[in-house]
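Worksheet for the structure shown next.
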Amino acid sequence: MPKSLSCKILDAHRLPRGDSAHYWVDSALFHDMSGILPFIGCDAIGLKRAAVAKPVVFTDHNLVSADPSAANDQAFVRSGARAFGLRYSMAGNGVCHSVYAQRIAAPGMLLVGADSHSATCGALGMLGIGMGGMDVGMVMSGLPLRLKPQKILNIHLTGALQKGVCPKDVALVLLKELTISGAVGKILEYTGPGTAALSVPQRMTLANMGAEMGATSSVFPADDAVYAFLKAQGREAAFVPLTADDDAPYDERITLDLSKVEPMVALPGRPDRGCTVRGAGEMTFSQIFIGSCTNGSYTDIARAALVLRGKKVSPETTLLVACSSRQVYTQLLRDGYIAMLTDAGARILESACGPCMGIGQAPASGAMVLRTSNRNFRGRSGTPDAQICLCGTETAAATALTGRLTDVRDVMDPAILDTVREPEEYPVDDSMLLPYDLQWDGTSRVAYTQNIQPIPVRDAIGRNVRAGVSLKVGDGISTDDIVPALPQLMTLRANVPALSQYLYHNLDPVFAERATQMGSSIIVAGLDYAQGSSREHAALGCMYLGVQIVIARSIHRIHRGNLINYGVLPLLFVNESDYASVEQGDVLELENVLEALGSCDTLTVRNATKGTSFQVRSDLSKSELEILAAGGLLALGKQKLKEGEPV
Amino acid sequence: MNLFEKILSAHCSAPLPAAGQPVSLRIDQTLTQDALGMLAYLSFEQMGCDCVQTELSVSYLDHNLLYTDFRNPDDHAYLTSVAQRYGITVSRAGNGICHAVHLARFAKPGKTLIGTDSHTPSAGALGSLGFGAGGLEVGAVMAGEMLAIAMPRVVRVELTGALPKGVNAKDAALELIRRVGVKGGLGCVFEFSGEALSRLPVPERLTLANLSVETGATSALFPSDEQTERYLKAQGRAEDFLPLQADGDAAYDSVIEINLSALRPLAAIPHQPDRVVPVEQVEKIKVDQVFIGSCTNSSYSDLMKAAKILEGRRIAPHVSLVVGPGTRQNYLHLLRDGAIDSFLRAGARILECGCGPCVGMGQAVKTGGVSVRTINRNFKGRCGTADSYTYIASPETAAATAIAGYLTDAASVCSLDVLAEIREPERYENDDVLLEHNQGANPQVSVLRGPNIRPIPIGDGFLNRLDAAVVIKLGDNISTDEIAPSGAKNVANRANIEAVSQSTFERIDPDFWKRATALGNSVIVAGDNYGQGSSREHAALMPMYLGVKAVLAKSFARIHRANLINFGLYPLEFDNSDDYDAIHPGDRLVLEDLTDALDRGASSLHNVTQGTHYPVKLQVSPREKEILQAGGVLRYIKKRKEASP
């Protein structure tokens, strides 16, 4: 039976036994912010060496280092790289997704990454899947990747890009069509003659922005373009031709004629608010940023430089440029493009993520800025009331010249831009991408600091539970209520023992103390419990304080998953009115908890204080039960390690 | 006359007084930077001028380019628009560090300059007389006021010989600091001379002038000679050249001789710039970070030398090497001449052209980390990490250290021959793309004030009767750091006095601001040496905002006393120190006739609560008296402008 490329890669990674939704992976990716919690977790379960072939951690996000916390975090992830045997990309080497594509990615691989844009490497005919940090940490420790069945959405590209139009414009057109949720539960698979003409860095822009459409991953065929890229990287040995079968079945299909794509801009607020540059109306920008994992390639920046060559940036704006990697920077330097940019008045930033996610270069209050990055949600720039538009590098450069939104075709003959070609040989130098063996010595452990502290691995929930209600809260509790946005907590993100003392601080300042005294306890909540941000500290902190069960009228999806990961049982009132019958301080009893949940979906809770009882239910899947039975993801990882069967 | 006296007398209407006596001079140029310049413009705006009164005023956006939230970009938007409104040149973010850009593009032999930055004497490299000052003083000078200083002593620094290869002007400067100490230059101007000057290009002179500040010196000066002419020509500014030398028989208060030929690479070890030792004597300590850059050491030659040492080599894997080219001009030359390529290949991280790590704006090292930097100060915590260790060294030493991973000099990692043939460019790139020249008044420009930028409060004006309660009673040696604590939270609010005033005395008494606000009028009582330490004006402005009318102390630190007067607060001194003991917080103090007190320099303070009287002193100069009678320097200047438009 003919297969899509996505299915081929997934099938090749399906575990021979166990759940059909379980996969082994080749590689795991972390960065300086997302790597901290999982490395604490890996240490907690006693991981000795990563159980995946190519684990990597990049120092690329928080390079501003306004205080020692960033350098301390970097030192910690580096100690983790040494303890568990990860490759370590030093600060200055570049943005994770770009360096990964250049130096590690290869056709057919399966990557899990602790970053939502981990699918960028799909440009090389592999699958990258972004997940929460602790999930990636446990996969690196040997747990299988758990992936729900995916729909495959084929994006068939025909025609060729007009001059002055780039893949970012294509991504913005697709986003407009699919919206920010149109690809949820799907893998985007690119095919067609339009696809074949795109270079790997161009494909990376599209693969990267699949994340904005909600896609699980994006993948391109491993074809001549991939071979050319790998050869230029001195890695042609890693090439394997890999494409979908001719008549592969797809769940859905979109055909897009590239020659119809115009320069696009996404208007502030959401990346799917695309419109053509010429149709967007008059807009001015106080800051323009060219760079990021989306648009920081050699071609991207060289084309921008050609737009600016011999001209000057408008005094009404500031142009910031960041190459996506040291390799790109070096090549652009040699080819004179950096001088072109600097001559024009651009400010060259470090090769890092930086402004894209609000680490530096926050706009002024209420300012309008134009960026080639991938997200323009309110506040992402670091300034709550600033507005961000997204575009390709050509539009950004043309706009820098005039100070107002400009189609590059209105300031020059765009044919000149096509003289830019990716190099046939990149300046390869892995001296800042430290090898596995140099890192791993088999004896060293992660180096905790004052603000990065270990976490315990809790025991599995007992067969019978008897515990008091340490807290009863009403409807609409958000993760902000659970982990308050207090300034002192920003520095405690990796210090769970200290952070936990602030849980529910604004609602009930003595909750942490009470829960600690009770040893193990239960939280009772109303509707929409733990809505809002996905922060896993809201679950981790409860676990640390001994909360075993949360019983609510309803629980937000992401938090429910986090509770399970940390071994806290999420339960729902069968009859929501029973919520009123429970009070803080009541002692509740549950018998044969997990067995009961495994066999039927409801369970009786006896209120020993009130002498009443009520029914609760859970909607646990088989693998969720498995996680809870072990005591959480960490405990499961620890169990697997003990069994001595990584993978 | 010596050179200092020549320039001074050309800017003075009266004969020069003896050392220590007050002297007022005309100022030709001002510079501000974005961190401390806010108060200069906020105060200038209240002085009633339509445009700046100086020959040239430049506003540099160089210190805080990180923009971690809206407050810094808002500050920059304010600084840019206020400059357009009042005819001030703007050096935009990315153009470079104020002292380096000012030297390259604006400083002129014989001109006087003040700046809201302590390293303003860097312009002495071109024979321009520069002073660091507070924002209010710079604001007043922009409004046409003379600068009042105490007449300094002039020390001749005689340089002989030539710097050996691998030894930098930085090492000569460290030697000077080693000999003089961090307080030894107080009240002095260093005037450099000697046969070695003919071999010392202007950028190297800047390193020496810049670091003279670390001795506490008021200013530093080089003659304007052939090197000066060559430099100005290379900057396309030949017409700005003016030869200037001390007279052959000029008198000096003292002389320091330094033989450059005898110098070896030096380093200042933590945590004072005068703890100077030869590099080879420093223990082999593992270095986490190396920073090459800053106003002190980021000339073309400095960075080229570092690049040559790094060329074809790699930094140690445990080191993070960060390089900040001081100016866009230098960056362009370094790009063309392959230095940036060498840095990148070696594993360096190239930062923006700005002050950055030197002032703790980014690249804070890890807790307990060790950093080797080419900057000018290594005080504890300055790099942004309280318990870290900063060593100061030359770019050559720093580059070698990055390779070795521990502090070492260039000779130990490569042949010094690589340093031969490095010369400053014959002709610098000077397209000035990021300079914005604004001329004269432009009333149609609206000044942009972000939500965190508020006008400076100017107080209640003169009041003749003091009637206020004691809001706090403090001991001896209270520093401005205790009165107006710094730190990221407070620095970001430097232009929002309402917000930042809540931090007044926060480490001693967190409720101070609430109590002072509730009292309305109040008085601070303190012991000896009140207001020592940094010159920050917020230590006077914040109490003023909270209603403090006077400080009654046993004695005051000099700069803080001047700041109190500038903001209209009375610095009252106990005539009898023992009276200090009798006063209690909450006591109501009344001084009936302040006009009379200013006239007589003394008065009697009535403690109404205790029914006692204390004799107090209020000794002020005629100008200070006028300022206090006007209700502070802002009102004083405004009044004068209104009187003679």
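Computed from a prediction, not measured in an experiment: that's the story for all the values here. Below, chain A is the first sequence line, B the second, and so on; all start at residue 1.
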Could you list every donor-acceptor pair linking chain A to chain B (distance under 3.5 Å, backbone and side chains)?
residue : atom : partner : partner atom : Å
A:L63   : O    : B:Q363  : NE2          : 2.7
A:V64   : O    : B:Q363  : N            : 2.8
A:S65   : O    : B:Q363  : N            : 3.0
A:S65   : O    : B:A364  : N            : 2.9
A:N72   : OD1  : B:T367  : N            : 2.6
A:N72   : OD1  : B:T367  : OG1          : 3.3
A:N72   : ND2  : B:T367  : OG1          : 2.5
A:R78   : NH1  : B:P317  : O            : 3.0
A:R78   : NH2  : B:P317  : O            : 2.8
A:K312  : NZ   : B:D431  : OD2          : 3.1
A:P315  : O    : B:R92   : NH2          : 3.4
A:T317  : O    : B:R92   : NH2          : 2.5
A:R326  : NE   : B:L344  : O            : 2.8
A:R326  : NH2  : B:L344  : O            : 2.9
A:R326  : NH2  : B:R345  : O            : 3.0
A:Y329  : OH   : B:Y331  : OH           : 2.8
A:R334  : NE   : B:D341  : OD1          : 3.2
A:R334  : NH2  : B:D341  : OD1          : 3.3
A:T342  : O    : B:R328  : NE           : 3.2
A:T342  : O    : B:R328  : NH2          : 2.8
A:D343  : O    : B:R328  : NH2          : 3.1
A:D343  : OD1  : B:R336  : NH2          : 3.0
A:D343  : OD2  : B:R336  : NH2          : 2.8
A:R347  : NE   : B:E352  : OE1          : 2.7
A:R347  : NH2  : B:E352  : OE2          : 2.8
A:E350  : OE1  : B:R349  : NE           : 3.4
A:E350  : OE1  : B:R349  : NH2          : 2.8
A:E350  : OE2  : B:R349  : NE           : 2.7
A:Q361  : N    : B:L66   : O            : 2.5
A:Q361  : N    : B:Y67   : O            : 3.1
A:Q361  : NE2  : B:L65   : O            : 2.6
A:A362  : N    : B:Y67   : O            : 2.7
A:S365  : N    : B:D74   : OD1          : 2.6
A:S365  : OG   : B:D74   : OD1          : 3.4
A:S365  : OG   : B:D74   : OD2          : 2.5
A:D429  : OD1  : B:R314  : NH2          : 3.4
A:D429  : OD2  : B:R314  : NH1          : 3.0

Counting heavy-atom pairs under 4.5 Å to chain A, which of B:V433, B:L351, B:V322 comes out on top?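 Looking at each of B:V433, B:L351, B:V322 in turn, B:V433 comes out on top.
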Under a 4.5 Å cutoff for heavy-atom pairs, which residue among B:L448, B:L321, B:I315, B:I350 has the most contacts with chain A?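 Option with the top pair count is B:I350.
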At a 4.5 Å cut-off on heavy atoms, which part of [X] comes close to chain B: side chain, backbone, both, or neither?
{"X": "A:A344", "value": "backbone"}
{"X": "A:A91", "value": "both"}
{"X": "A:P363", "value": "backbone"}

Considering all heavy atoms of both residues, which atom of B:F70 and which atom of A:A362 are nearest to each other, and what is their separation?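 Scanning both residues completely, I find the closest heavy atoms to be N-CB, 4.2 Å.
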Nearest heavy atoms of A:P68 and B:A364, plus distance in Å: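 Heavy-atom minimum between the residues: N-CB, 3.8 Å.
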When [options] are compared by non-hydrogen pairs under 4.5 Å with chain B, the top option:
{"options": "A:A66, A:A352, A:A71, A:G358", "answer": "A:A71"}
{"options": "A:A386, A:G360, A:G92, A:G366", "answer": "A:G360"}
{"options": "A:A75, A:G345, A:G382, A:P355", "answer": "A:G345"}

Is [X] in contact with chain A via its backbone, its side chain, both, or neither, using a 4.5 Å heavy-atom distance?
{"X": "B:L344", "result": "both"}
{"X": "B:V323", "result": "neither"}
{"X": "B:L65", "result": "both"}
{"X": "B:L66", "result": "both"}

Any side-chain heavy-atom pair of A:L333 and B:L335 under 4.5 Å: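 In short, these two side chains touch, coming nearer than 4.5 Å.
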